[in-house]
Amino acid sequence: MVETYDAKDISVLQGLDAVRKRPGMYIGSTGIRGLHHLVYEIVDNSIDEVMAGHAKHIKVVIHKNGKVSVADDGRGIPIGMHPKLKLPTLEIIMTKLHSGGKFDKNSYKVSGGLHGVGLAVVNALSSELDVFVKRDGKVSNQKYVRGKPSYPIKVIGEDPNNGTMITFLPDPEIFNVLDFEYKILASRLREMAFLNKGVKIIIVDERTNEESTFHYEGGIKSFVEYLNENKQVLHAPIILEKTKNNVVVEVALQYTTGFKETVFSFVNNINTVEGGTHLSGFKTAMTRTINTYLENNKNKDIPKLSSEDVREGLSAIISLKVPEPQFEGQTKTKLGNSNVKGIVDSCVSEALGTYLEENPQIGSTIIEKAVSAAKAREAARKARDLVRRKTLLEGSTLPGKLADCSSKDPSLSEIYIVEGDSAGGSAKSARNREFQAILPLRGKVLNVEKARLAKILKNNEIVAIITALGVGIAEEFNLENLRYHKVIIMTDSDVDGAHISILLLTFFFRYMKPLIENGYIYLALPPLYKVKKGKSFKYARTEADKDKLIEEYGKSGVTLQRYKGLGEMNPNQLWDTTMDPSVRYLKKVTIEDAVEADKYFSDLMGDEVPPRKKFIQENAMKVVNLDV
Ligand code: 0RA
């Protein structure tokens, strides 16, 4: 293999001080997200070796001592002296911020926006880092402390194989969280394995002995099957693959009997959460191709299918390889390359058109699905008009059971959505009416995962929430009209309470996602126990808290009161434990991983959950406690 990089590719070298001074600029945050980002930076480099056809295996290990190692069987980082820069290439890569991008420009690099300086950034932010390179029959090693080499590269052994292993310890001077979460790393690695067909990625957690292997010969086809695992599907996944102007377009799609659209798009392995030109190209192609197919295959009065109609119940993965991607948007996850829209449009139109012609049975299944979506859309429009007219006629009245607050400033106002009338009553007496509104829920909250909008708009509890929040729904949703900047779900800390929380979260996730994205949705965490000794007492929110408090009080003469539900607390207790802003415990609901969050809701609330109640009992709590 001829080494193609040279001095002009690494033009300006700079030390790592800048990274340690402003870590946020390089990895986004010094919290949990930034911490995990360190691992992704290294894995991205290993994935580049996979995409270039040199590596097949990646292994990530979380060690007991807080270190993480990432090993691959790629070419190994070059260790030889760089001809112009008079430093070993490995040392340049590990210790210098170099402008000018990656070394080898001929392929599609994973690039999270760090322009190939990812390894140096990880090194700068690690209190210790060890790199081992197997290359040219030798094993070489160098160690760094806070980005500075502890010794020159040394040969420590022989090995006929090639590869790289990096072990690092995140610097406690930089990060305020140091514990890696298996679940977070595993879900990202699973995604990487789906997107890079054939690669085998192993993750081992030596703290707990958890271990997973991700290896999908089906690639994105397996990804769609995974998304639809607990759904009823209408046909086998359809795979579309085409390359135009060096842009590789791969799509896997499969319709389900459900109503939700689950489409994830990736560019060079990066989840383009904010969409972009590739996604609009895909949508245009789907709408046009299915409408054309419908026109050619039905002769009596055919409705015009909207873009939404053809995506009802659709699960799809769009994965592109783009030579020079431009990422835009707030989180740099929106593809900007304008030529890509047309490329994806024509690739998908051609490939899907051909597929439908060759598979008429699947073609008519899809058409049936989309036509029924079109009819339902018409029904939903009527239902929405009805809701709108009602609010107009009644002078946009707030729901009768809402006890509103007196403040009209949303940034100061909060609304408690409370399970049950008795808890609602307590909350109404307990609240500070200046800024706290209470909305008690009476009936059951509808499972929106299994209903179309028309039916959802007939559910009293949901309509009450929509009107109380003021934001409208579907096309009329407008975040600016939100009447409270804290929307707090308050339910009992038992299984039924968790179930109601999940139903509400499912609704917010599917129909008012910006509320979650902007951090307006919270869960109130009421205590499980009151632990009392003599005149003093404290509240315990978990079993572990309770045990700790008992220990603290000294076991003799401690009394325990277990709260079965919010209704058992008098207004004073409710205020003291759950509503007083100075002491209460609220959990902000966030979306850390769009793919995982989507899957949680469809698995929990979807079709194929045979022992449904049991499944919810076992999983609902987990979801509530997880940063969905
Ligand atoms: C620079 C150049 C080449 C490979 C790599 C870096 C490389 C980096 C990492 C990080 C983790 N695993 C890695 N594997 C490779 C190209 C090497 C060549 O042309 O032989």
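Count residues from 1 along the sequence. Note that ligands are numbered from 1 as they come in the structure, with each ligand's atoms numbered from 1 the same way. Scope of the values below: all heavy atoms of this structure, side chains included, with no hydrogens, waters or symmetry mates. As the structure is a computational prediction, the values presented were derived from the model and not from experiment.
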Would you call D598-R510 a salt bridge at under 4.0 Å N-O?
-> yes
Between the candidates V70, V133, T164, D44, which shows the shortest non-hydrogen contact distance to atom 13 (C) of ligand 1?
-> T164
Any non-hydrogen atom of P78 lying under 4.0 Å from ligand 1?
-> yes
Report yes or no: does R135 have a heavy atom closer than 4.0 Å to ligand 1?
-> yes
Strictly by modelled atom types, are D72 and S46 linked by a side-chain donor-acceptor pair under 3.5 Å?
-> yes
Is any N or O atom of E49, backbone or side chain, closer than 3.5 Å to an N or O atom of ligand 1?
-> no
E274 and Q330 side chains, donor-acceptor separation under 3.5 Å | no
Scan for ring pair (Phe, Tyr, Trp, His ring centres under 6.0 Å) pairs involving residues 206-230, sequence neighbours excluded, and state none if there are none.
-> F194-Y216, F194-F223, F194-Y226, F223-F266
Cut-off 3.5 Å, side chains only: do T277 and S338 have a donor facing an acceptor?
-> no
Can you sort out which atoms of ligand 1 are near I93, meaning under 4.0 Å from one of its heavy atoms?
-> 1 (C), 6 (C)
Find all atoms of ligand 1 within a distance of less than 4.0 Å from any non-hydrogen atom belonging to L119, and give their numbers and elements.
-> 10 (C)
